[in-house]
Amino acid sequence: MVTARQVWRDGPTGTPNRPEKSEARSWGTGLENTLSGMSVASQTVLVRATRAELFAAAGGFTSADLGQVTQDDNLAYRGVYKLGSSPVKIADLPADVAQDAAEDADGFRVAAAGSASSAATSATNSRLSEMSAAASQAVSQAAAQASGPVVFYDTKALADAAVSGLPANQIVEVFTDETKGGASTRYRKEGGVLVFKVAVGNLLRVVSFEALGGVGDGNYSTAAGTDNANAFALARTMGLLGYAVQFKTGAQYRTTAEIVIHDNMNWMGDDGYTPIIFADFATSSKRIVKAPTSGSQIKNVSIRGLTFWRCGANPEHGLLLDNIDGLFLDVAVRAVSGALGGAIGVSAFYPENRPSKNCYVYAHLEQAANFGIQYGNVDGGEMQVLSAKNCHREVVGLEPYALGKYDFTSSNVASDIISLTSHGLSTGDPVIYDRNGNTAITNLASRAAYYFVIRVDSGRIRLAATREDAMAGTYLTLSAPSGTHRLYRCGVLRGITVLPTQIATGDTAAGGTSTGVVIIAASSGGYHEGITLCAQGIIERNPTSGSHGIGVYGAHGVSILGADITGAKSRAISIVAGTVNSIRDATGDISPTNALQVNADVTVIAVNAKEFGTAGIYVDNSRCIVELCDLRSAVSGAKGIVFTAAAENLGSIARLNKALCPNTSGSPFTVVKGLQNIDLNDFGTIVDDYIARRLQSGYSVKTLAGASVTLGSLKNQASNTTTYMGKITVLSRQSDLNSANNARYELAISKPNSGATPTVAVLNSQGLTAGGGTSHPSFTFSIVGDDLVATPVASTSTSLTFMHFIETHGDLRLT
């Protein structure tokens, strides 16, 4: 068949736009044959110029199909129709499609001088078929390009006059555009001029669900009602054509088929979440709403003001989505009492863990039995549990997943480079090393540890100890491995804010015994970065054994900023090392053969915890800063804050306003602070800011026997990079006793850029600084790499233990 370009090529000078009728007929006939079978989201879209032509052709179609009238002289007839024995118009055409059709038709009338009406119809249909098949891509793209901060002008002339003073890509809205028939329009400044994007009235077109055949006569408590599976399929098609779908207040819509999201999906309910969509599935493992199992990333999904009710014989998950760029959910998800399954998961479970980004989820939850809102491999966004009733397990879950494995042997390692065919990794990507039961490679820990990729090329990588090192190209030296070793590619959960959340659990535990909690875990092989919990409110009315209010298991980059936790059976906040033990890919279970462990790194500020069973804040094998917390419990044996540690420097800061935990016998509790195998036990009765005064609001490190000791790594306070500048005060003692020998040092620290050599200078020193005796805490200070190192001076013993209480000032921190 000839192409459109051939049909409408330039002709003779006298009639340059006149097509050859035989070519036009051939082209149009082929197009019509194509249109008759055209499908969008499994529904046929039959395109005809007039309503009469659509009605004449509609006999072979059902109410599951849609039609479009694009060029009827009666403007009221133009629009989208639901087909069947008697087609019914359900919506107007998107205005830009109708305008394009009219312009095409006018152009053909002039060019063909009335003799090529069939070609004109075919050409118009061609234009509309392209629009339909592309699912109104132009509408969506234009609307997206016309989104952002807007400046307003009364007329297009005024906007043009002001364009030189506007920044590039500025969005301009014209109230009465004289160049577009007086319509309100939006432009964007591109290349110094205003480029038309869309008429404001075309930014949103709405069709009611009832117009698509939807019937809201259901009853979620009995799972009875009209099956709306076909209407939901039509809603998908209309969404692809650029329409928002409005659901009727108070209606209850039953479906027996899963609902699949699509680009630019826009569903609207009401402020009370009264339109209810409930699923009655014949088999288990279903979701009311899901993402397509294959295909490119879905963009721009908005569902708001709706309730999704999991009911019937097989109540499974509510909304389980992944592979999305741009998600906005403001919904309620509920279930019948005792239902298994969870509410909302985003890129959270294999195989539905394809990464997503820009996800914003706000939800009311009830009877969420497995998870409430769960984020996995999500980059950027928010979540908020507006309310949670009778939920259990992870009401808020933040657990990224591994995205696969790379096995390698000695033949893959040479010159500190690991060869991995088509690895797909980029510099800075986190991975976890698994020795896979063999002897660990030199400089790679036998336990799980995060390493960061330095990409050499598409088939080779190096490994760095930190992301900063990876970006700087500083790699680890590697020995040749014995046996098969493995790297797990980490999914990343990055830049997520959990807004103030209200969880009241224990009324009736749904489908299980564990009460609802906030869980941040690394057990599935993922990596956390920039996770902030704001003002979490948790009440555990009937807590079960071992329950925690907030549990952090091996996650890095977590800040808990304000929380009010009452009644945790065990710990209000538990911050411990996480075991990487649950990883899957397309081959099945790929969990480590030997135990892997990652340590947590968390900041806790302004937490109020009451009536916890064992500890207000418990930290084990992890780094943690605790500041300005109020921890109180009358439970026998309860401890306000507990720090323990194994054989590593896991320096922690504790600054409490109040930590009052009298038990039933009236004796005070004990604070245990473990640092490099030393326990500072029995701090005595702790009231108000006692710990702040006792630890000098700082960071305590034990000096082990030896010539020198690393006090910690220097980083930028704000950005966690190795560019820093400030002052450090070090109070050194021969022991933790107030009566012990003392020396005080004030150090100036400087590294003005990442390539500079760091410097340390002693601004002032007091006390026993000259090394006159073995028990005198006398030291010099240096920076090795980015580590602050203390070295004994003169007679200061290298076999005694010294404590250093450290405060940092300025744009640096010591970790």
Side-chain angles (χ1 to χ4, degrees), residues 297 323 325 347 353-358 376-380 400-408 412-435 440-445 448-481 485-496 522 524-531 554-557 580 583 585 596 598 601 713-716 718-724 751 753-756 758 785-787 815:
Q297 192 168 61
N323 202 28
D325 179 2
S347 300
N353 63 351
R354 293 169 296 179
S356 296
K357 56 186 177 181
N358 304 317
N377 300 328
V378 178
D379 188 349
Y401 274 57
L403 295 173
K405 69 179 187 299
Y406 306 93
D407 287 342
F408 61 96
N412 303 105
V413 181
S415 302
D416 308 315
I417 292 175
I418 303 174
S419 296
L420 304 171
T421 304
S422 302
H423 54 73
L425 295 165
S426 299
T427 296
D429 283 352
V431 294
I432 289 177
Y433 167 65
D434 178 8
R435 61 187 174 89
I441 297 174
T442 300
N443 285 329
L444 299 185
Y450 292 110
Y451 297 96
F452 297 85
V453 169
I454 300 174
R455 178 188 172 98
V456 178
D457 54 38
S458 62
R460 299 182 298 165
I461 65 169
R462 287 188 167 105
L463 295 179
T466 66
R467 179 175 278 125
E468 290 83 359
D469 285 349
M471 303 311 291
T474 304
Y475 58 86
L476 297 168
T477 58
L478 306 177
S479 62
H485 294 239
R486 176 173 293 175
L487 293 175
Y488 294 106
R489 181 180 183 179
C490 298
V492 179
L493 181 66
R494 177 189 293 115
I496 302 299
S524 294
Y527 183 78
H528 299 75
E529 185 176 294
I531 310 302
H556 288 209
V580 180
I583 304 178
D585 69 3
L596 302 182
V598 288
D601 189 349
S713 296
L714 294 162
K715 296 282 183 75
N716 183 288
S719 62
N720 201 36
T721 61
T722 54
T723 298
Y724 44 79
K751 187 179 180 184
N753 60 64
S754 59
D786 288 298
D787 293 336
T815 61

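Along the sequence shown, residues are numbered consecutively beginning with 1. Every heavy atom of this structure was used, including side-chain atoms; hydrogens, water molecules and symmetry mates were not.
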Show your working on side-chain contact (heavy atoms from CB on, under 4.5 Å) between Ile461 and Tyr451 and close with a plain yes or no.
-> CA-CA 12 Å; Ile461 65 169; Tyr451 297 96; over 6 Å; no
Are Arg494 and Asp379 close enough for a salt bridge, meaning some N to O gap below 4.0 Å?
-> yes
Indicate yes or no for a side-chain donor-acceptor contact from Thr427 to the backbone of Arg455 under 3.5 Å, with no hydrogens or angles considered.
-> yes
Would Tyr406 and His423 count as a close aromatic pair, with their ring centres under 6.0 Å?
-> no
Side chain to side chain contact (heavy atoms under 4.5 Å, CB included) partners for Asp585, two or more places apart | Lys405, Thr587, Ile590
What closest approach, in Å, do Phe452 and Arg467 show between heavy atoms, and which atom pair accounts for it?
-> CD1-N, 3.5 Å
For the residue pair Pro481 and Ile441, establish whether any side-chain heavy-atom pair is separated by less than 4.5 Å.
-> yes
Mind running side-chain contact (heavy atoms from CB on, under 4.5 Å) on Val580 and Asp434 for me, showing each step along the way?
-> CA-CA 10 Å; Val580 180; Asp434 178 8; over 6 Å; no
Quick one: closest heavy-atom pair of Lys751 and Thr723, and the distance?
-> O-CG2, 3.5 Å
Step by step, work out the side-chain contact (heavy atoms from CB on, under 4.5 Å) result for Asp416 and Leu476.
-> CA-CA 7 Å; Asp416 308 315; Leu476 297 168; over 6 Å; no
Work out which heavy atom in His556 is nearest to a heavy atom in Tyr527; give both atom names and the distance.
-> ND1-CE1, 4.4 Å
Hey, can you tell me if Tyr433 and His485 have their rings parallel, tilted or perpendicular (30° and 60° cut-offs)?
-> parallel
Minimal heavy-atom distance between Asp787 and Ser713, with the atoms involved, is OD1-OG, 2.7 Å
Is the closest side-chain donor-acceptor distance between Ser347 and Asn353 under 3.5 Å?
-> no
Over all atoms of both residues, closest heavy-atom pair of Asn377 and Gly491 = OD1-CA, 3.3 Å
Value for CG (Leu420) from OG (Ser458), rounded to nearest 0.5 Å, stands at 11.0 Å
To the nearest 0.5 Å, tell me how far Thr477 OG1 sits from Leu463 CG.
-> 11.0 Å
Test item: Ile432 and Tyr450 side chains (from C-beta on) under 4.5 Å apart, heavy atoms | yes
Could you state the interatomic distance from CG (Asp325) to NZ (Lys357), rounded to the nearest 0.5 Å?
-> 4.5 Å
CD1/Ile454 to CE/Met471 distance, rounded to the nearest 0.5 angstrom?
-> 9.5 Å
Between CG of Leu487 and CG of Leu444, what distance do you get to the nearest 0.5 Å?
-> 8.0 Å
Can you name the residues that form a side chain to side chain contact (heavy atoms under 4.5 Å, CB included) with Arg354, not counting sequence neighbours?
-> Ala291, Asp322, Asn323
For the residue pair Pro355 and Leu403, establish whether any side-chain heavy-atom pair is separated by less than 4.5 Å.
-> yes
From CG (Asp429) to CZ (Arg489), nearest 0.5 Å = 6.0 Å
If you look at every heavy atom in Pro758 and Asp786, which pair is closest and at what distance?
-> CG-OD1, 4.4 Å
